[in-house]
Amino acid sequence: MTTGKLQGFVVWALGAKRFASPLAMVERVLPALAIEPVPGAPSGIEGIATLGGRRVPVVDMRLHLRLRAREPLPSDHLVLVRTPRSRLAFFVDAVEGVEPRMDGDTTLVDGFDDLLASLDPVQHDA
Amino acid sequence: MRTRRTAPIDWAQIRQRLARVDEALARDHQPSADQRRSILEARARAVAQSPPAAIAAGEGLDVVEFELAQVHYAVDAAFVREVQALKGLTDLPCTPPFVSGIINVHGRIIAVIDLKSLLELPESGTSDLNKVIILQRGEVEFGILAERIIGAQRVPLSQLQASQAGPPVIGARLSRCLRGVAPGRLLVLDAQRLMSEPALLVDEEVSP
């Protein structure tokens, strides 16, 4: 499946809030899984996930969105996003689906390059 | 005549209350910390390895996997326009039994099909058809009901066995719309054939 021309948004939830990320940026959604902690990593990085032999930084999206922190649960999901410059993942409570356009009560989350750049560099595979 | 004034519904507040109820339920029914860790670690091990060369090289089929009557099915992701929670299903009179009704999706009216009925799939206890996968091919679009969306994955074409390898007891319609069987007994439907299934061409008139 090509990602370049995909239109629409992946709608996901953290707590009672709904967010959406461009479908073209979302590479994969997986059930939540264990990640490796990174000693000395900034607080915005939860750890590293190894997916298909590649190491991907897992960003603390709750912290980024100023939501209450909690440990990942088996019922959570891991969203893997990819931009031309970076690849990262983040935990969400649920993925509601793919919709062609955003609702009024959904917040767009798409500045992944800026988000990663705002954190200290962590060793990962692009 | 007296009219009753009703306050507007505060959806944000309702969502917050539901989230609090979810959290309370989760607290009561959560696996122990050790069980949670063990589940998460098992999943991490399962996805950590590099994919087989055939999949990495792109010789695979991107599919959306879903569950229906305790059987896992998949449909070619290229035909999946969107996936939604099933909301506002309205009965439609004078339609075959496999048409569960219609839904309004962003202002478009879409027919919703029950594959269990259309493909004569075996029933297996009660089912909670609460998700709809909207398929589109050109001008043709309709939704299919699912009990659970498992996710998106790539099925290696080399491991897609001919439909004869499927369950021994399958109906003619399922057989016709089955592209093959992937490892883990995942029944991969042929979306193109499914969307051209003759039974879907509804042409019934009702006398006034």
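Throughout, protein chains are lettered first and strands after them, A, B, ... in sequence-line order, and every chain is numbered starting at 1.
B:Arg43 contributes a side-chain N or O that, together with a main-chain N or O of A:Pro74, makes up a donor-acceptor pair within less than 3.5 Å.
Here CG of B:Asp62 is found 10.5 Å from CZ of A:Arg28. Values are rounded to the nearest 0.5 Å. Here the straight-line distance linking atom OG1 of A:Thr50 with atom CZ of B:Arg45 works out to 13.0 Å at 0.5 Å rounding.
Nearest heavy-atom pair, B:Arg81 versus A:Val98, reported as atom, atom and distance to 0.1 Å: O-CG1, 4.3 Å. Contact record, A:Ala34 with B:Ala44: O-CB, 3.3 Å, taken as the closest heavy-atom pair.
Residue contact with chain B, scored on non-hydrogen atoms closer than 4.5 Å, is absent for A:Leu78. Within the 4.5 angstrom heavy-atom criterion, atoms from both the backbone and the side chain of A:Glu99 approach chain B.
Contact count against chain B (heavy-atom pairs under 4.5 Å) is highest for A:Ala32 among A:Ala49, A:Ala13, A:Ala32.
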